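What follows is a short report on a single structure.
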Amino acid sequence: MNLQYKPQEIEKKWQKYWEVNRTFSSRLKKDKEKYYLLEMFPYTSGSIHMGHVRNYVIGDVLARYKWMRGFNVLHPIGFDAFGLPAENAAIEKGIHPREWTYRNIKILEGQLKQLGISYDWEREVITCDEDYYRWNQWFFIKFYKKGLVYRKKALANWCPTCRTVLANEQVINNRCYRCGSLIQQKELTQWFLKITEYAEELLEEIENLAHWPPTVKKMQVNWIGRSEGMEIKFKLTENSVEIPVFTTRPDTIFGATYLVLSPHHPLVKEAIRKNVKIEKEVERMKREQLIKGDVEKRGIISGLWAINPVNEEKIPIWIANYVLMEYGTGAIMAVPAHDERDFEFAKKYGLPIRVVVSPPYWNHNQNSLKEAYMEEGIMVNSAQFNGLSSELARKKISKWMFEQKMATHKVNYKLRDWCISRQRYWGTPIPIVYCSRCGVVPVPEENLPVKLPFDVQITGKGGSPLKKIDSFVKCLCPKCGREAVRETDTMDTFVDSSWYFLRYASQRGDHLPFTREEVDYWMPVDQYIGGIEHAVLHLLYSRFFTKALRDLGLVKVGEPFSRLLTQGMVIKDGAKMSKSKGNIVDPGQMIKEYGVDAVRGFILFAAPPEVDLEWKKEGLEGIYRFLNRVWRLVTSNLRIKATYEGERQWKFWKFEKIYSSTKNKEEIELQRMIHKTIKKVTEDIEQRFHFNTALASLMELVNFLYGYSFKGSLMYKESLQVLLLLLYPFTPHICQELAERTGYRGDLSKHPWPEYEDKFLKKDKVTIVIQVNGKIRDRMVIPISEGRETVEREALNRERIKRYIQGKSIKRVIHVPLKLVNIVAG
RNA sequence: GCCGAAGUGGCGGAAUUGGCAGACGCGCAUGAUUCAGGGUCAUGUGGAGGUAACUCCAUGGGGGUUCAAAUCCCCCCUUCGGCACCA
């Protein structure tokens with residue numbers, strides 16, 4: 001038998017063992033408590049990086065721990081396999097996207113298996129498989145029938161590099177989330193999923209997500225951007241046509257000195273008809289609105305006038321570039337005194353500014369305002385509402401306008417519908433046919449899937465590659481049977497990832513994407529782990545999808561993920577690892593040098609999961625040293641085996657000594673150390689995912705075991721066994737190998753997790769800190785049974801303490817039992 | 001600009017409920033190992049002062065609450081993240 005720690009050998013051995021024995025495959029077992037653990041699946045680009053490794057290793061600790069806890073664990077893996085990089089590879093290397101993708105999957109599978117993660121590989125999901133994407137189409141049709149899918153012409157985010165449109169969520173700082181190119185606005189007809197229909201529920205249920213990171217929840221709240229206010233109807237002076245405007249500040253309506261229309265507002269055409277001279281300026285403003293970001297405010301008088309319903313005042317209507325058509329009604333009432341944008345605009349064009357909410361410092365001079373006053377104050381210039389606080393006036397004016405039918409209550413959301421059309425090849429074809437006679441016709445369910453054709457030329461030029469495939473485009477109308485054409489756009493790949501967790505749970509439905517029974521058993525995901533970059537992308541889409549599927553009667557749950565852990569990045573030299581910075585650390589190389597257990601151990605030890613992790617080779621070496629220490633500790637005490645009742649094989653370790661009382665002083669201390677460590681490791685895994693401190697306490701245990709005097713004892717042997725059990729979720733291969741060498745037969749993941757008992761944690765003596773006026777001056781060791789008076793008397797009698805309280809009177813003695821005594825003297 | 005998170009030794013980080021600041025690891029130093037190196041083992045390691053016992057200072061900065069603050073409150077600084085004409 002090899003006495004040296006050779007990680008590469010034992011790791012291969014056990015990975016094979018797990019695969020052959022299907023150790024981690026899971027079945028529906030209704031009598032057992034389930035635990036669905038999920039990590040965000042990888043995209044099928046070249047190879048896995050340290051970020052993936054971190055994600056999956058964190059998950060694996062929990063999975064193996066839960067197995068040991070007796071849960072029926074589901075821990076699946078698969079691949080996010082549709083997407084643009086496959087097409088880019090086709091352009092650059094002339095390789096077909098499908099071939100490129102499956103070739104990468106093979107590589108990734110190998111790399112993932114090298115990490116020794118406890119996946120149930122039998123449930124692997126690959127989103128570009130026909131058997132998967134057909135269900136995207138099936139959902140699309142279901143949504144279509146329910147009115148959750150629609151087509152509209154609208155300004156869309158166009159990425160010139162990816163040559164496709166993007167959803168709002170995929171535009172970060174006006175750049176493409178994938179390639180970083182500046183986004184252009186283009187008016188195009190696209191398919192949308194009606195996520196806004198669920199805006200209210202998506203928002204409301206955020207607060208029920210008790211185990212989601214507050215930052216993610218906050219980001220979703222902001223993204224949905226609910227705002228409550230009034231829609232007020234202004235009328236044109238000439239023909240009483242209504243112009244509704246949205247405001248959250250109805251209390252400021254008496255301060256409205258003009259209205260502003262977005263250049264895209266329908267009334268603008270009317271204004272141009274009357275005064276052609278403004279057309280050029282309007283067109284210019286439209287162009288300016290295509291660029292997001294800081295553009296100087298610009299406007300023009302429309303020539304139209306409106307009546308303020310509350311005071312019958314005639315006010316001018318402007319057209320300006322700072323009013324968006326996509327939000328509210330595309331028109332606003334401008335209250336320059338109390339809105340900074342209107343203020344800026346009014347100053348530029350010399351428009352009247354009328355204070356209606358008086359600031360506390362205000363001198364009642366209407367021209368004295370230096371900037372818009374946006375806080376609360378006392379109402380002025382507001383007829384019957386003068387003198388009220390603006391807060392109260394907001395309610396009263398709303399109520400009054402509502403009764404007078406001048407306005408209605410209104411809630412607006414920043415959230416926009418999800419644009420899912422992509423002008424790309426490598427994705428799910430949108431199952432729609434356009435017939436010159438019947439119009440837009442959804443492909444009937446029984447005709448699904450609409451297969452993605454294999455024979456394609458991907459050049460990167462022109463429109464969608466599918467457009468050029470006649471055999472795909474030309475088809476017969478499912479309704480009338482005449483010649484028709486297919487939709488050539490494919491779906492956003494975020495559709496794929498919006499329900500893959502359901503497919504993991506059940507893959508057996510022939511007529512359905514999954515069986516209700518299995519999905520209802522496994523869902524929701526008990527713990528989801530992934531990067532924070534999906535806070536408002538994948539995580540919001542998946543929540544929406546789950547709710548929509550629930551309303552279609554396909555699943556029971558309305559929220560997919562009960563607990564979410566967003567892990568930090570892996571960085572090197574203070575920056576995210578990237579090719580351009582040349583600071584990439586290859587996981588494969590590290591595994592080759594130190595073994596995967598050391599890589600896992602380092603990742604888990606160097607930082608708690610939610611913060612960024614700085615990659616340090618020295619740190620990795622530290623863990624490698626630790627694993628060697630464990631290895632030597634156990635292998636050098638192997639001979640103990642013979643002393644253990646001569647047993648040669650056993651499946652479960654039955655601990656006799658560490659759970660029974662002893663009078664031996666050394667043993668009592670060892671026992672306490674063991675139970676303390678069990679407690680610490682259990683709580684760190686269970687409550688906080690603080691694997692770094694769990695490992696630290698295991699290191700302390702190892703240090704302690706090194707220094708322990710009676711290594712031949714049975715309790716010592718049991719301690720080593722407990723060590724292997726506690727360490728197993730973190731670095732499973734070495735533990736499994738050492739367990740085998742100590743005679744254990746079976747898989748440690750099926751061995752019960754050790755339990756601690758409080759009675760073995762108790763010490764009979766404890767060190768008490770003695771403070772004088774809050775400063776530590778002495779310490780003493782006392783029996784824990786000692787009463788309050790005795791402890792305080794002892795403390796006051798200490799020589800060192802007497803020095804500090806000499807000549808002073810004792811005002812108070814604060815006594816925190818078993819911790820400290822603080823003497824307040826003066 | 002608005003919203004949010006974080007700031008602790010030379011470094012990564014610990015301190016779970018307001019109660020011993022710096023666990024554990026890296027690095028460094030000294031020693032041991034039938035002295036190449038490496039490995040391993042042992043000891044030490046926040047700063048300043050002192051021969052020493054010991055004293056003082058210290059959790060981004062300033063104030064406060066408290067017997068007691070890394071932890072709670074107020075102001076400010078720095079870094080990172082999100083949003084950005086959303087009326």
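These numbers come from a predicted model, not from an experiment. Lettering follows sequence order; numbering is per chain, from 1.
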Under 3.5 Å, which donor-acceptor pairs link side chains of residues 623-630 of chain A to any protein atom two or more places apart or in another chain?
| residue | atom | partner | partner atom | Å |
| --- | --- | --- | --- | --- |
| A:N628 | ND2 | A:Y624 | O | 3.0 |
| A:R629 | NH2 | A:N703 | OD1 | 2.8 |

*asked:* Is there a side-chain contact between A:R625 and the phosphate of B:rG27, meaning an N or O under 4.0 Å from OP1 or OP2?
replied: yes
*B:rU55 phosphate, OP1 or OP2: any side-chain N/O from A:R800 under 4.0 angstrom?*
yes
*Could you tell me whether a side-chain N or O of A:E614 sits under 3.5 Å from a main-chain N or O of A:D573, the two making a donor and an acceptor?*
yes
*Any residue meeting side chain to side chain donor-acceptor pair (under 3.5 Å) with A:Y756, in chain and number order, not counting sequence neighbours*: none
*When all nucleic acid strands are considered with a 4.0 Å heavy-atom cut-off, which category describes A:K414: base, sugar-phosphate, or nothing?*
base
*Given atom CE of A:M374 and atom P of B:rC2, what is their separation to the nearest angstrom?*
10 Å
*Indicate, with a heavy-atom threshold strictly under 4.0 Å, whether A:G622 touches base, sugar-phosphate, or nothing.*
sugar-phosphate
*If you draw the axis of the six-membered ring of A:Y322, does the NZ or CZ of A:K297 fall within 45° of it and under 6.0 Å from the ring centre?*
yes
*How would you label the contact of A:K217 with the nucleic acid (heavy atoms, under 4.0 Å): base, sugar-phosphate, or nothing?*
nothing
*Heavy-atom side-chain proximity of A:Q289 to A:Q185 below 4.5 angstrom*: no
*Mind telling me if B:rG9 is syn or anti? Syn here is a glycosidic angle within 90° of 0.*
syn
*Can you tell me how far P in B:rA70 sits from the matching atom in B:rU65, rounded to whole Å?*
16 Å
*For B:rC41, does either OP1 or OP2 sit under 4.0 Å from a side-chain N or O belonging to A:R632?*
yes
*Please give, in whole Å, the distance from B:rC83 C1' to A:M219 CE?*
9 Å
*Taking only heavy atoms on the protein side, list every residue of residues 251-266 of chain A lying under 4.0 Å from any atom of RNA chain B, sorted numerically.*
none
*Can you tell which of B:rG19, B:rU55, B:rC83 lies closest to the side chain of A:R777?*
B:rU55
*Pick the P atom in B:rA5 and in B:rC85, then give their distance to the nearest Å.*
24 Å
_Pairing of A:E376 and A:R394 as salt bridge, 4.0 angstrom limit_ = yes
*Using the P atom in both, what is the distance from B:rG39 to B:rG46, to the nearest Å?*
24 Å
*Assign A:P608 to base, sugar-phosphate, or nothing according to its heavy-atom contacts below 4.0 angstrom with the strands shown.*
sugar-phosphate
_Presence of donor-acceptor pair under 3.5 Å, side chain of A:K775 and base of B:rU55_ = no
*Does A:R629 place a side-chain N or O at less than 4.0 Å from the phosphate oxygens OP1/OP2 of B:rC41?*
yes
*asked:* Regarding A:N628, tell me which of base, sugar-phosphate or nothing describes its non-hydrogen contacts under 4.0 Å with the strands shown.
replied: nothing
*Determine yes or no for a side-chain-to-main-chain donor-acceptor pair under 3.5 angstrom, with A:N822 supplying the side chain and A:V813 the backbone.*
no
_Donor-acceptor contact present, side-chain A:S382 to main-chain A:F254, <3.5 Å_ = no
*Side-chain donor or acceptor of A:N412 paired with backbone N/O of A:S227 under 3.5 Å*: no
_Does B:rC35 count as syn, meaning its glycosidic angle lies within 90° of 0, or as anti?_
syn
*Any salt bridge between A:K348 and A:E296, counting N to O under 4.0 Å?*
yes
*Remember a base hit wins even if backbone is also touched, and classify A:S227 as base, sugar-phosphate or nothing at under 4.0 Å, heavy atoms.*
sugar-phosphate
*asked:* Using a 4.0 Å heavy-atom cut-off, does A:V813 contact any base of the nucleic acid, only the sugar-phosphate backbone, or nothing at all?
replied: nothing
*Please work out if A:V824 contacts a base, only the sugar-phosphate, or nothing of the nucleic acid, heavy-atom cut-off 4.0 Å.*
sugar-phosphate
*Provide the distance between the two P atoms, one in B:rC72 and one in B:rG82, to the nearest whole Å.*
26 Å
*Atom NZ of A:K676 to atom P of B:rU16: distance rounded to whole Å?*
15 Å
*asked:* Using ring centroids (six-membered ring only for Trp), state whether A:F345 and A:W318 fall under 6.0 Å.
replied: yes
*Interatomic distance where CD1 belongs to A:I623 and P belongs to B:rG13 [whole Å]*: 14 Å
*asked:* Taking the basic N atoms (NZ, or NE/NH1/NH2) and the acidic carboxylate oxygens, is any pair closer than 4.0 Å for A:R672 and A:E669?
replied: no
*Quick one: the dot-bracket string of RNA chain B, using Watson-Crick and G-U wobble pairs with both distances under 3.5 Å, [ ] for crossing pairs and | for bases paired to another strand.*
(((((((..(((......[....)))(((((((.....)))))))((((....))))..(((((..]....))))))))))))....
_A:R298 CZ to B:rC85 C1', straight-line distance once rounded to whole Å_ = 15 Å
*Taking only the side-chain nitrogens and oxygens of A:R688, find out if one of them lies under 4.0 Å from OP1 or OP2 of B:rA15.*
yes
*Will you find, in the side chains of A:S390 and A:D251, an N or O donor that is under 3.5 Å from an N or O acceptor?*
no
*Mind checking the P distance from B:rA53 to B:rG44? Whole angstroms is fine.*
15 Å
Find every protein N or O atom lying less than 3.5 Å from an N or O atom of nucleotides 43-50 of chain B, and list the pairs.
none

*Check the distance between B:rG25's P and A:L698's CG and give it to me in whole angstrom.*
12 Å
*asked:* Strictly distance-based, threshold 3.5 Å: is any side-chain N or O of A:D612 a donor or acceptor partner for the main-chain N or O of A:M569?
replied: yes
_Short side-chain to backbone donor-acceptor contact, A:H338 and A:V357, under 3.5 Å_ = yes
*Ring centre gap for A:F494 and A:Y177 strictly below 6.0 Å*: yes
_Nearest-Å distance once atom C1' is located in both B:rC24 and B:rC74_ = 36 Å
_First of A:E621 and A:K616 reached from the 5' end of RNA chain B, by closest nucleotide_ = A:K616
*Are A:R226 and A:E200 within salt-bridge range, i.e. N to O under 4.0 Å?*
yes
*asked:* Within the 4.0 Å heavy-atom criterion, would you say A:R226 contacts the bases, only the backbone, or no part of the nucleic acid?
replied: nothing
*On RNA chain B, nearest-nucleotide positions of A:R249 versus A:N222: which is more 5'?*
A:N222
*What nucleotide, of B:rG19, B:rG4, B:rA87, holds the atom closest to the side chain of A:K218?*
B:rG4
_Of the options B:rG13, B:rC20, B:rC85, whose atoms approach the side-chain atoms of A:V611 most closely?_
B:rG13
Heteroatom pairs (N/O) under 3.5 angstrom, protein to nucleotides 21-24 of chain B:
| residue | atom | partner | partner atom | Å |
| --- | --- | --- | --- | --- |
| B:rA23 | O2' | A:E700 | OE2 | 3.3 |

*Looking only at atom P, what distance separates B:rA42 and B:rG25, rounded to whole Å?*
11 Å
_Contact check, side chains of A:E610 and A:H690, non-hydrogen atoms, under 4.5 Å_ = yes
*What is the distance from CZ of A:R600 to C1' of B:rG25, rounded to the nearest Å?*
19 Å
*Measure from CG on A:D684 to P on B:rA15 and round the result to the nearest Å.*
8 Å
*Which part of the nucleic acid, if any, lies within reach of A:K297 when heavy atoms closer than 4.0 Å are counted: base, sugar-phosphate only, or nothing?*
base
*With P as the reference atom in both, quote the distance from B:rU66 to B:rG81 in angstrom, rounded to an integer.*
40 Å
